[in-house]
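Some notes on the structure that comes next.
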Amino acid sequence: MSSHLFRPQPLFPASSEIVQRDYSFRLSAATAVARPWFPCHRQIQAMAATERLGSRNGEALTPNGDCDCSIPEKSAPVLTNVGKSTNVAWHECQVGKLEKQKLLKQKGCVIWITGLSGSGKSTLACGLSRELHALGYLSYVLDGDNIRHGLNKDLSFNAEDRAENIRRIGEVAKLFADAGVICIASLISPYRRDRDACRCMLPDATFIEVYLDIPLEVCESRDAKGLYKLARAGKIKGFTGVDDPYEPPLNCEILVRPIDGVCPSPVIMCKQVISYLDEKGFLEA
Ligand SMILES: Nc1ncnc2c1ncn2[C@@H]1O[C@H](COP(=O)(O)OS(=O)(=O)O)[C@@H](OP(=O)(O)O)[C@H]1O
Ligand SMILES: Nc1ncnc2c1ncn2[C@@H]1O[C@H](COP(=O)(O)OP(=O)(O)O)[C@@H](O)[C@H]1O
């Protein structure tokens with residue numbers, strides 16, 4: 001396991017704290033002439049981050065506190081059409097993924113947990129997030145059930161809407177990974193094609209598919225929400241595993257399944273995933 005264990009601390013001070021500090025002594029002559037009264041916003045952030053994180057990183061984030069706030073020369077933006085969005089341009093941000101990863105000392109990725117209802121997706125996702133947090137790593141859980149309370153509340157459980165549910169969560173997960181965060185997506189995602197489409201959205205090897213291969217009988221016997229009972233009684237139509245399909249992954253990165261008829265405990269499942277992250281270098285930058 002990587003040795004970097006630190007006590008999490010707020011990355012940036014409250015804005016009131018920033019304003020009270022006097023950073024003017026860090027200004028370069030040129031900037032001081034241009035802005036004699038106070039450093040610019042980017043300088044404040046860089047200095048505050050250096051002050052907060054410098055000791056943890058063992059080095060300053062900015063070598064001398066100078067700030068290149070000049071607007072880079074740009075060629076005319078290229079306009080494209082994407083789906084129904086016409087004449088849109090892509091804006092490249094100056095702070096890249098590598099810099100964010102370095103700041104967080106981890107690599108952004110998506111852990112995609114798939115399996116039947118009751119297979120333990122949410123349990124694994126939350127346990128994993130807690131364990132990573134305790135070790136000093138930043139993660140975020142996108143749980144299918146939760147996302148359907150907001151962003152995806154307009155979607156049903158027919159095949160087309162499930163595909164859209166998965167696509168949107170894939171896109172959001174991609175943004176988290178791009179921010180250097182370990183994003184944990186836990187949703188049934190029953191169709192192979194939809195999961196593979198999310199895999200294709202991400203850079204090589206940063207989509208980690210975890211298949212909870214727990215038999216239907218076990219999931220049904222757990223029935224934490226009573227949904228299988230309702231589905232068997234015909235009160236829920238199109239319930240995955242009962243009267244709707246589930247297509248297992250063919251080549252997942254991590255397979256969780258019972259051994260000699262015994263399901264791995266939540267702790268064992270978490271360890272399995274964290275070992276994978278560690279081995280593949282996601283817990284360092
Ligand atoms: N018809 C039907 N089929 C499957 N699941 C159903 C259905 N209706 C409601 N639910 C509840 O919705 C949760 C699954 O949502 P997901 O977004 O993960 O599903 S999907 O990926 O779009 O298939 C699922 O949560 P989990 O039990 O955590 O899997 C159920 O609580
Ligand atoms: N590895 C496990 N072993 C035994 N029970 C589990 C395990 N993982 C989850 N459970 C239990 O199974 C039920 C369903 O788990 P949950 O995480 O909600 O599944 P899902 O999100 O896939 O629907 C819960 O009551 C949970 O406590």
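Atoms considered below: every heavy atom in the structure, side chains included; atoms not considered: hydrogens, waters and symmetry mates. First listed ligand is number 1; within each ligand, the first listed atom is number 1.
Under 4.0 Å from ligand 2, heavy atoms of Pro266 appear from its side chain as well as its backbone. At a 4.0 Å heavy-atom cut-off, ligand 2 touches Lys121 through backbone and side chain alike. If you look at Asp244 next to ligand 1, there are no close heavy atoms at all, none under 4.0 Å. Contacts of Leu212 with ligand 2, taken as heavy-atom pairs under 4.0 Å, are absent altogether. With a 4.0 Å cut-off on non-hydrogen atoms, Ser265 touches ligand 2 through its backbone and not its side chain. Here Phe239 has heavy atoms under 4.0 Å from ligand 1 in both its backbone and its side chain. Using a 4.0 Å cut-off between heavy atoms, Pro264 contacts ligand 2 through its backbone alone, with no side-chain atom that close.
Listed by number with element, the atoms of ligand 2 under 4.0 Å from a non-hydrogen atom of Ser117 are 23 (O).
Geometrically, Arg222 does not engage Tyr228 in a cation-pi contact, judged by NZ or CZ lying under 6.0 Å from the ring centre and within 45° of the ring axis.
No N or O atom of Cys263 sits closer than 3.5 Å to an N or O atom of ligand 2. On a distance-only criterion, Ser122 and ligand 2 share at least one N/O pair closer than 3.5 Å. Distances between N or O atoms of Met269 and those of ligand 2 include no value under 3.5 Å.
The pair Lys225-Asp145 meets the salt-bridge criterion, with a side-chain N (NZ, NE, NH1 or NH2) lying under 4.0 Å from an Asp/Glu carboxylate O. Between Asp244 and Lys237 there is no salt bridge, since no side-chain N of the basic residue sits under 4.0 Å from a carboxylate O of the acidic one.
Checked against salt bridge (charged side-chain N to carboxylate O under 4.0 Å, His left out), Arg232 has the following partners two or more places apart in sequence or in another chain: Glu220.
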